[in-house]
Amino acid sequence: MTRPYGIGDGEPTGGAVLEKRIALWGAPGSGRTTFVAMVPEAAEERARGLGHGGTGRDHPPRWKVFGTDDATQRFLRHTDDALLREHRFPGGPDTRDTAEPTRYRFLFRRDPRVASLHRLTDHSRFVATITELPDPSTRRDAVKRTLADCTGLIVLFDPTDASGAGEDAVRALERLLTEAAADLQPRTDPRGLLPFEPAVCVTKIDDMTLYREARLGAWAELGRDGRVRVRDPEAYFRRLCERDGPCPNRAAAELPGILERRFGRIRYYATSAAGFRRSAGRIDPESCRNVDPHGNRLDGPPHPQGVLEPILGMRAVRIAKRG
């Protein structure tokens, strides 16, 4: 498909625009690059889903997503070549992808059902700036600046990681939040809770071990729009973190407590940037992994799910129009 990388006529009008400033955290290999790369495609996938059963009133509004700066547009061009055309993951060894930026800026533009709402910028458009958090042990000042400015934090939890990186990431996340609580102490509440919204995304739910666990626990269901849904992502997350759960990362058992000590309200999502494989437009629950057995390539076009929702759920702040 041809993607509109630039914003063109999507540039917000008026004196101010809403912005969601989101910090992104995840272990190496948790799919951070693919998660960000699939944000525009997730909006397209969501819109395509409106044609599968139900009425327009059953579905949330459609969104279009555009890169708003040169770095984000270059990133999308490279990752689209990989994911949408070549069906491979970007940034792996022996690929031609350039190093991805650590900051991405997207314009979200809603297609309202009432034509007159096109003029209501506050309701139909916002900017989402997503910043990957660097290792706080080497770049604490950069992490401090990012968290001080952010309105939300997305934590990618990869339950499939058996390499040890996941355990290190849990320790690093605990250290990051402890230092953030000290750095932002004047803005924390009396319980020491941090002043931005967190979203925990269980990634790679298309992995057959994770999907099997979701089906055994009766969390997974096939929606009328042809997508696999996890009806209670918080309960699913807690199950995966249990010491006798399927997650090979033993430190995951500490993750719920680490998050709850720092945040009052946490949103949970089950996500997959690759999505579930489809045949003739349908998902076969017994054979729906969209990644080859080696984990290097996709078996078909990506069908991302649970990627857009954490961003839409984040709080926005009003800022003066840039430029």
Side-chain angles (χ1 to χ4, degrees), residues 24-27 29-32 34-35 38 42 45-46 49 60 152-162 165-167 169-170 173-174 177 197-278 283-291 295 302-314:
L24 177 65
W25 174 261
S30 62
R32 288 174 301 182
T34 309
F35 181 92
M38 284 287 94
E45 183 76 10
R46 184 182 172 112
L153 169 69
I154 293 177
V155 175
L156 300 185
F157 168 54
D158 178 7
T160 70
D161 180 40
E167 183 169 350
V170 170
L173 178 63
E174 181 177 28
L177 296 179
E197 298 179 353
V200 176
C201 296
V202 177
T203 67
K204 304 180 183 178
I205 60 169
D206 57 300
D207 178 87
M208 290 311 294
T209 299
L210 300 185
Y211 181 51
R212 189 178 303 112
E213 188 72 22
R215 294 181 68 192
L216 289 174
W219 287 299
E221 57 188 15
L222 194 60
R224 294 178 64 190
D225 58 0
R227 300 181 196 173
V228 173
R229 302 187 185 281
V230 175
R231 59 177 177 81
D232 189 345
E234 178 179 358
Y236 183 50
F237 165 74
R238 293 183 182 279
R239 168 56 187 157
L240 296 176
C241 289
E242 291 176 1
R243 295 192 183 278
D244 64 343
C247 179
N249 173 9
R250 297 301 93 187
E254 303 173 35
L255 189 54
I258 290 171
L259 293 166
E260 288 161 8
R261 283 193 293 272
R262 298 301 177 189
F263 299 105
R265 179 187 180 188
I266 304 171
R267 292 186 175 93
Y268 297 86
Y269 302 88
T271 73
S272 172
F276 291 86
R277 181 162 51 84
R278 299 178 184 178
I283 294 175
D284 177 0
E286 301 300 327
S287 178
C288 57
R289 178 75 162 138
N290 201 26
V291 179
H303 298 287
Q305 63 177 70
V307 171
L308 209 64
E309 290 75 8
I311 299 171
L312 295 178
M314 290 288 177

At their closest point, which heavy atom of Ser30 faces which heavy atom of Ala27, and how far apart are they? OG-O, 2.6 Å
If you take all heavy atoms of Ala220 and Tyr211, which pair is closest and at what distance? CB-CE1, 4.0 Å
Are the side chains of Leu177 and Leu153 in contact, using a 4.5 Å heavy-atom criterion? yes
Should Arg229 and Glu309 count as an ion pair when the cut-off is N to O under 4.0 Å? no
Side chain to side chain, Val155 and Pro198, heavy atoms closer than 4.5 Å: no
I'd like to know if Glu234 pairs up with Arg238 as an ion pair, taking the criterion as any Lys NZ or Arg NE/NH1/NH2 lying under 4.0 Å from an Asp or Glu carboxylate oxygen. yes
For the student: nearest non-hydrogen atoms of Phe35 and Cys201, plus distance: CE1-SG, 4.5 Å
Would you please name every residue forming a side-chain contact (heavy atoms from CB on, under 4.5 Å) with Ala251, sequence neighbours left out? Glu167, Val170, Arg171, Asn249
Heavy-atom pair with the smallest gap, counting every atom of Leu210 and Tyr236: O-OH, 2.7 Å
Pairwise distance CG(Leu173) to CZ(Arg262) - rounded to 0.5 angstrom: 10.5 Å
I need the Leu240 CG to Trp219 CH2 distance, nearest 0.5 Å. 7.5 Å
Distance (rounded to the nearest 0.5 Å) between Thr203 OG1 and Ile154 CD1: 12.5 Å
Determine whether Pro256 and Phe237 make a side-chain contact, defined as any pair of heavy atoms from C-beta on separated by less than 4.5 Å. yes
With side chains defined as the heavy atoms from C-beta onward, is the minimum distance between Thr209 and Thr160 less than 4.5 Å? no
On a heavy-atom basis, the closest approach of Pro233 and Ala270 is CB-N, 4.0 Å
Backbone of Val228 reached by a side-chain donor or acceptor of Gln305 within 3.5 Å: yes
To the nearest 0.5 Å, atom OG1 of Thr271 lies from atom CG of Asp158 at 9.5 Å
Could Glu254 and Arg261 be called an ion pair, given the rule that one side-chain N must be under 4.0 Å from one carboxylate O? no
Suppose we screen for side-chain contact (heavy atoms from CB on, under 4.5 Å). Which residues come up paired with Asp206, at least two apart in sequence or across chains? Lys204, Ser272, Ala274, Phe276, Arg289, Val291
Do you know the tightest heavy-atom contact between Ala218 and Arg231? O-NE, 2.7 Å
